[in-house]
Protein chains: 2
Amino acid sequence: MLHTLEQIAALAGVSRATVSRVVNGQPNVRQAVRERVMRVVEENHYAPHGAARSLARGESNNIGFMSWGNIADVLSNGYWSILAHGIAESCAAHEYFLTVLPAASSNDSSRQGILMSSIASGQFAGVVLSAQFGSDRSITMMKEMGVPMVCIGRKPAHADVPFVQPDNMGGAHMGTTHLLNLGHARVATITGPMNNIEAIERLNGYKLALSEVGISFDESLVMEGDFDEARGHDAAQALLKKHPSAIFCANDLTAMGAIRAAKGAGLRVPQDLSIVGFDNMPICELTTPPLTSVGQPIAEIGRSAIDLLVKQIARQRSDKNGGGLNGHAPSMLFPTQLMVRQSTAVFNPRSPHNRSPSPKPRKSRVQ
Amino acid sequence: MLHTLEQIAALAGVSRATVSRVVNGQPNVRQAVRERVMRVVEENHYAPHGAARSLARGESNNIGFMSWGNIADVLSNGYWSILAHGIAESCAAHEYFLTVLPAASSNDSSRQGILMSSIASGQFAGVVLSAQFGSDRSITMMKEMGVPMVCIGRKPAHADVPFVQPDNMGGAHMGTTHLLNLGHARVATITGPMNNIEAIERLNGYKLALSEVGISFDESLVMEGDFDEARGHDAAQALLKKHPSAIFCANDLTAMGAIRAAKGAGLRVPQDLSIVGFDNMPICELTTPPLTSVGQPIAEIGRSAIDLLVKQIARQRSDKNGGGLNGHAPSMLFPTQLMVRQSTAVFNPRSPHNRSPSPKPRKSRVQ
DNA sequence: TAGAGAACTGAGAGCGCTCTCAGTCTGTTG
DNA sequence: CAACAGACTGAGAGCGCTCTCAGTTCTCTA
């Protein structure tokens, strides 16, 4: 705090350059000198000034995390916390700082301008952004600026931006198949917002699972949600009129809404209605009944995003120094895993709820 | 990205200094010149280089947020998400960046060293830290370095560090009094970890409420928890043997554990057992039954932390420039609010659970 | 023990920006 | 119309660090 390289150099009786070498662990310093400098450094709690170092090196040690919007409820649902935790951890491991960039909604152009200029200012070595919040325009700008970036979730319009995401389709397929194997024939689904690629992929997984067992897709068993509990509740309430015996939900919050709707309608979960969620948040164990859910390795996805980004940054730097090995940065799809809890059960033909429109039960073959 | 002040100056046919004035909105630039420069700046998407600016100005535009530990479950409980959201928002409003500093546990000294030297490096204009995670030693060091800081939660050993926190004692008093007013006489409590000041304050609020109505404090009705669901469950399970008719829990997660324990013991909430939580997390509305909880303005606390910090930073800067008005930065206590939901009810003398050791019901006077 | 080569050290030129200070250019006044 | 205040502008000296390059000191080998 109180000291500069210059002062430490004076105190140790060497030049600035030598102190710099010692501080950065470079070779070519006599052992005795090295120790003397180290002692002075420690005695004075010297630490190199970050901004000066960035300026001199022409590189930043900061990674930007563009995700936080004015979207408090998204944050509070816990998904982002876990993700952020993985991201922060990996940043620390790579010795980068993680800086939170409150993402601007596409229509808030002044905020977006500030955001972009802060990125343009070279404060960030790279940026992690969420497909959900990153506007297409800002992605385009960042591409033009040549800022390394990684997207959490695929961004269809920007296929060239490396991304990390769970195997949404595979997971939804697995969750739906679980229900089908339990003998359910009328499996409904509550999707996420259909402008969201992950929601679409999950719906596709659901469709695939149905078609595999020869059940034709019934549009009336699909309701669009928005990944939130309230919408999940309303959607489920509407769906229950169609007498499904099971509902596959696009995420856990939606599933919690569905459970609430079922209870409200006097149905027992899982005896009258089986429910599957997606994300396997910690909350799944705390609901009544505990929620069967398709799990994704959220923290690991966050970590991998940073790993990918750091690789890109490194490549960019070596490119500048003449190294020419280019090649496309890979994206990563993470496997999902079904966590069976107590919200799903074998199809129950005797449930009063299932008697109305000819349930046609499937032969149960529990996994 | 691609441009420096120098280049913009050349393009606009003026000197560096003039471009600097325009970019920083300073006076004393002819209108015509100002516009010409602005145009060049915009055409080239110029933004000043952050590190260079910090270096030249001798100030950072970054605030450090020291809280994230390797404590994934703390994060995932949502409290920190909401707090972080308030913090991030206020930082953006004050035009600071928010950088996440993964806090080191006190026993991880190498990590702590890195952390401290990054702070010492002057990258941060100030630091927000959590009383829960900030080690006393790092606080002492930061005080020595003169880094402005604000603590989320009081740190008894550092009374001079400004802090923001909810009125824990008042809130606990309110929550407990609510139960007493419902006629409960055997009100148990599950505390937070007793090395945590907030947990202690909440316990004190509980004691105060009891003493106010002349009920003597019964140690056997107190169990120590750790703000987590699992410990809440176990603590409640143990407490139930003492036949309390109500439990005041130090936070919502603990309360959720208590609900689970009650159900496991065949008790109905609230008919056999009333339960109150603390924090009023969004999850309170989703439990069965919805949880009565003492609410604190989490996001506002986060925002205020930054407001306080920014004031300190400003004062420090003006001090350096000769301004001498010092004075102690204020701390802030935020009011709590009781959210009554369905987990609390009037004392029920006919509950089988309440028949054992002479319940001595209090006369119910519902609020 | 001279000479080559390796190991070590320091001087100095930036990185891109800010900010002071001196100089230039107005537009008023007396 | 000379003189002067006030508005404007640019030169230049850093901010604290890194990194190259030239110079110095060792350490071997012949």
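Remember, it's a predicted structure, so these values are computed and weren't measured experimentally. Each chain gets a letter, A, B and so on, in the order its sequence line appears, and its residues count up from 1.
Closest to the B:R57 side chain, of the nucleotides C:dC19, C:dG12, D:dG14, is C:dC19. In this structure, of D:dC15, C:dC15, D:dA7, it is D:dA7 that holds the atom nearest to the side chain of B:N28. Of all nucleotides listed (D:dA13, C:dT9, D:dT9), D:dT9 comes nearest to the side chain of B:T18.
Note: B:F97 and B:F124 fail the aromatic proximity criterion, with ring centroids not under 6.0 Å apart.
Residues B:R317 and B:A125 come closest through the heavy atom pair NH2-CB, 3.8 Å.
Within residues 48-55 of chain A, the residues approached by DNA chain D to less than 4.0 Å at the level of any non-hydrogen atom are A:P48, A:H49, A:A52, A:R53, in residue-number order.
Considering only side-chain N and O atoms, A:S15 lies under 4.0 angstrom from the phosphate OP1 or OP2 of C:dG10. Between A:S20 and D:dC17 there is no side-chain polar atom (N or O) within less than 4.0 angstrom of OP1 or OP2. Listed pair B:N24 / C:dT18 meets the phosphate criterion, a side-chain N or O lying under 4.0 Å from OP1 or OP2. Considering only side-chain N and O atoms, A:Y46 lies under 4.0 angstrom from the phosphate OP1 or OP2 of D:dC17.
Within 6.0 Å of CD on B:E95 lie no more than 12 heavy atoms contributed by other residues, nucleotides or ligands.
Note on the helix from C:dT1-D:dA30 to C:dG30-D:dC1: angle between the axes of the first and last five pairs equals 50°, rounded to 10 degrees.
In this structure, CZ of B:R30 is placed 9 Å from C1' of D:dT9, rounded to the nearest angstrom.
Residues B:G13 and A:E6 both approach DNA chain D. Their nearest nucleotides, taken by heavy-atom distance, put B:G13 toward the 5′ side.
Atom CG of B:L55 and atom CZ of A:R53 lie 13.5 Å apart (nearest 0.5 Å).
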